[in-house]
Amino acid sequence: MEKLKKPLKITLIVSIILNVLLSAVFLYQYTHHKNNYGIGDTNLYRIFIHRLEYFSQTMGEVVETNGKVENMNLLINADERLNLSIHSFIRFENSMASTKMNSHSIELFLSYIDEALFERMSAFNLEDYDISTFEDLKNRTDELLRLLPDAYNPQDQKRFIETINDIIL
């Protein structure tokens, strides 16, 4: 019986220590998330911009001289980058939820590009479709990139929000 008590005590002590450490980790994550709420996540904005630039670059590679399969692969890759970009922007927008940032026009623009790309990809896959319509999507995306700030800095949040709020597409 005495042999059983010692491992039981050790197990109990280890269990208590692990529970305390786990609680401390959860508390840190909670306070870190709460402190960043409204400040905005610079990494998410940087990722959004990078993915949107990559989308535009890939759209620029869709040209008449490519074969249909090659262009379709490029379009699928571009569509994936656009979806990842939209996801990053939504997460960034959530990190700015307690601010007065109004990115409605950007959201509408991104959803328009997403729907138009899907529609044009479907038509392109089913029949010969004019490649210039993809150039149009690239040019519109480049216009958005020109209007968006290159980076987000929480210390300059007010000017960043004003720039975002003034974007009309």
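Checked by atom type and distance alone, the side chain of S85 never pairs as donor or acceptor with a backbone atom of R81 at under 3.5 Å. Between the side chain of S105 and the main chain of I167, a donor-acceptor pair closer than 3.5 Å is present. No donor-acceptor pair closer than 3.5 Å links the side chain of N71 to the backbone N or O of E64. Side chain of K68 to backbone of F124: a donor-acceptor contact under 3.5 angstrom is found.
You'll find the side chain of M59 stays beyond 4.5 Å of the side chain of T141, heavy atoms only. At least one side-chain heavy atom of N83 sits less than 4.5 Å from a side-chain heavy atom of D79. Contact check for L52 versus F89: no side-chain heavy atoms found under the 4.5 Å cut-off. Two residues are said to be in side-chain contact when any heavy atoms from C-beta on lie closer than 4.5 Å; I164 and L148 meet this criterion.
Taking the charged nitrogens against the carboxylate oxygens, D142 and R146 have no contact shorter than 4.0 Å, which rules out a salt bridge.
F160 and L147 fall within a single hydrophobic cluster, where Ile, Leu, Val, Met, Phe, Trp and Tyr are joined by side-chain heavy atoms under 4.5 Å apart, directly or via other members. Linking Ile, Leu, Val, Met, Phe, Trp and Tyr whenever their side-chain heavy atoms come within less than 4.5 Å puts L145 and L44 in one cluster. If you chain together hydrophobic residues whose side chains sit under 4.5 Å apart, L144 and I90 fall into the same group. By the rule that hydrophobic residues join a cluster once side-chain heavy atoms approach within less than 4.5 Å of another member, F118 and M72 end up as members of separate clusters. Hydrophobic clustering of Ile, Leu, Val, Met, Phe, Trp and Tyr side chains at less than 4.5 Å, counting indirect connections, unites I131 with M121.
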Quick one: do I49 and E53 satisfy side-chain contact (heavy atoms from CB on, under 4.5 Å)? Show the steps, please. CA-CA 6 Å; I49 293 294; E53 288 170 343; 3.6 Å; yes
Residues L117, F134; criterion side-chain contact (heavy atoms from CB on, under 4.5 Å); working and verdict:
CA-CA 8 Å; L117 179 61; F134 296 113; 4.1 Å; yes
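Expressed to the nearest 0.5 Å, how far CD of E135 lies from OG1 of T133 amounts to 8.5 Å. With rounding to the nearest 0.5 angstrom, the NE2 atom of H87 is 13.0 Å from the CZ atom of F48. Atom-to-atom distance recorded for R140:CZ and L137:CG is 7.5 Å, nearest 0.5 angstrom. From R159, atom CZ reaches atom CG of N153 across 9.5 Å, with rounding to the nearest 0.5 Å. One finds the CD1 atom of I39 at 7.5 Å from the OH atom of Y152 (value rounded to the nearest 0.5 Å). Rounded to the nearest 0.5 angstrom, N77 CG and Q57 CD are separated by 9.5 Å.
Note on ring orientation: taking the six-membered ring where Trp is involved, the planes of F92 and Y45 are tilted (angle from 30° to 60°).
Scored by the side chain to side chain donor-acceptor pair (under 3.5 Å) test, N102 finds no partners at all (sequence neighbours excluded).
The side chain to side chain donor-acceptor pair (under 3.5 Å) analysis of residues 106-118, with sequence neighbours excluded, yields no pairs.
In terms of heavy-atom proximity, M96 sits nearest to G40 at SD-CA, 3.3 Å. Of all heavy-atom pairs spanning D41 and S95, the tightest one is N-OG, 3.1 Å.
Inspection of the S88 and R51 side chains reveals an N or O donor paired with an N or O acceptor under 3.5 Å.
Just one of L108, I113, I106 meets the side chain to side chain contact (heavy atoms under 4.5 Å, CB included) condition when paired with L110; it is I106.
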